[in-house]
**Q** 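I have a structure here, written as structure tokens, and I will follow up with some questions on it.
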Amino acid sequence: MSVEEIGGARVPGATHRTAFDEETRARLSADAAQIKARYPQERSALLPLLHLVQSEDGYVSPRGIAFCAAELGLTTAEVSAVATFYTQYKRHPNGDYTVGVCTNTLCAVMGGDAIWEELSDHLGVGHDETTADGSITLERVECNAACDYAPVVMVNWEFFDNQTPDSAREVVDALRQGAPVAPTRGAEHVCTFKEMSRVLAGFSDGRADEGVGAGPATLRGVELARQEGWTAPPFTDEERTREAEETRTPARGVPRSTTPRAAATTPAAATPAPGEEQSSAQRTPTGGRDVSAAQQERKQSSDDAKES
Ligand code: FES
């Protein structure tokens, strides 16, 4: 986090009130050009551009707002209106690590409230507050769809499953000491808030496929279905007819598909046989970077094509 001494007072983010210097501006503009090229309308690039300025300043700074507005031909009020809507965009300097404690219903009753109390006491900060050393911003977060591992703590959006007050305190202590910290699933180690923001802006760090995506608790249902030979019921004739009609008459504003969905959703094509792989979450776990550069390039082209 950027903290400056001004008149004897510590002022977080003080350097961010003025515009980016020429070199930084040129670098960010080159990144912004890549992001904007992914969208038919430039203003659609606002969300990743906000992540981009967070990757530079550690939050959506006043100069970051001005940068986005100038890049996209928007007013600063329009950019601010979007930035204040989403909690992932920070309006004051964030710590190196956002530690989010899920205190939604299931995690709360499974121990999330106790974890929150412990971390808040231990770090001496409340919700959306940052430790004086700029290392940790503590947050209460809503359900992360990881209830099968409740209570869950997130660090820069990486999962720390089945936590306790003690284990969560050990995690934040290790982060503050600068030790490498491994989440329970996913990436091999937690990156900083700025690094994570750059990935969210659309610049891959090559680590998206590290580690295990879905653990045993998440896959329990599909394993049970395999054992029992259960599959989803096939589409009825009426559903297939309706699907074909919708393909012939797309809703306003929805481009006509070049591949009729009905053909791809016939029972034979749509229903995997019992025991077949049904989702990418079921791929074989790997310990390292398990995609080649060529595979990554193909995936990026495919993602770009989907977005355009
Ligand atoms: S309630 Fe915490 S992850 Fe769902």
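None of the values given here were measured: they were computed from a predicted structure. Atoms within a ligand are numbered from 1 in the order they appear, just like the ligands themselves.
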**Q** Any heavy-atom pair between the side chains of Q54 and V60 that's under 4.5 Å?
**A** yes
**Q** Return yes when A146 approaches ligand 1 closer than 4.0 angstrom through a heavy atom, no otherwise.
**A** yes
**Q** Could you tell me which atoms of ligand 1, counted from 1 in the order shown, lie closer than 4.0 angstrom to a heavy atom of N104?
**A** 1 (S)
**Q** When you measure from the centre of the six-membered ring of F235, is the NZ or CZ of R240 closer than 6.0 Å and no more than 45° off the axis?
**A** no
**Q** Checking T164 against D166: is there a side-chain donor and acceptor pair closer than 3.5 Å?
**A** no
**Q** Using a distance threshold of 2.8 Å, state whether an N, O or S atom of C107 lies below it from atom 4 (Fe) of ligand 1.
**A** no
**Q** Suppose I only count heavy atoms of N144 and a 4.0 Å limit; which atoms of ligand 1 are within that range?
**A** 3 (S)
**Q** Answer with yes or no whether the side chains of N94 and T98 bring together a donor and an acceptor at under 3.5 Å.
**A**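 The answer is yes; a qualifying pair exists.
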**Q** For a quick check under 3.5 Å, do D148 and T218 share a side-chain donor-acceptor pair by atom type?
**A** yes
**Q** As an exercise, identify every atom of ligand 1 less than 4.0 angstrom from a heavy atom of C147.
**A**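 Within the 4.0 Å cut-off of C147, ligand 1 contributes 1 (S), 3 (S), 4 (Fe).
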**Q** Does ligand 1 have a heavy atom under 4.0 Å from the side chain of C143, from its backbone, from both, or from neither?
**A**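 Contact part for C143 vs ligand 1: both backbone and side chain.
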**Q** Could you list the atoms of ligand 1 found under 4.0 angstrom from a heavy atom of C102?
**A**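 It comes down to these atoms of ligand 1: 1 (S), 2 (Fe), 3 (S).
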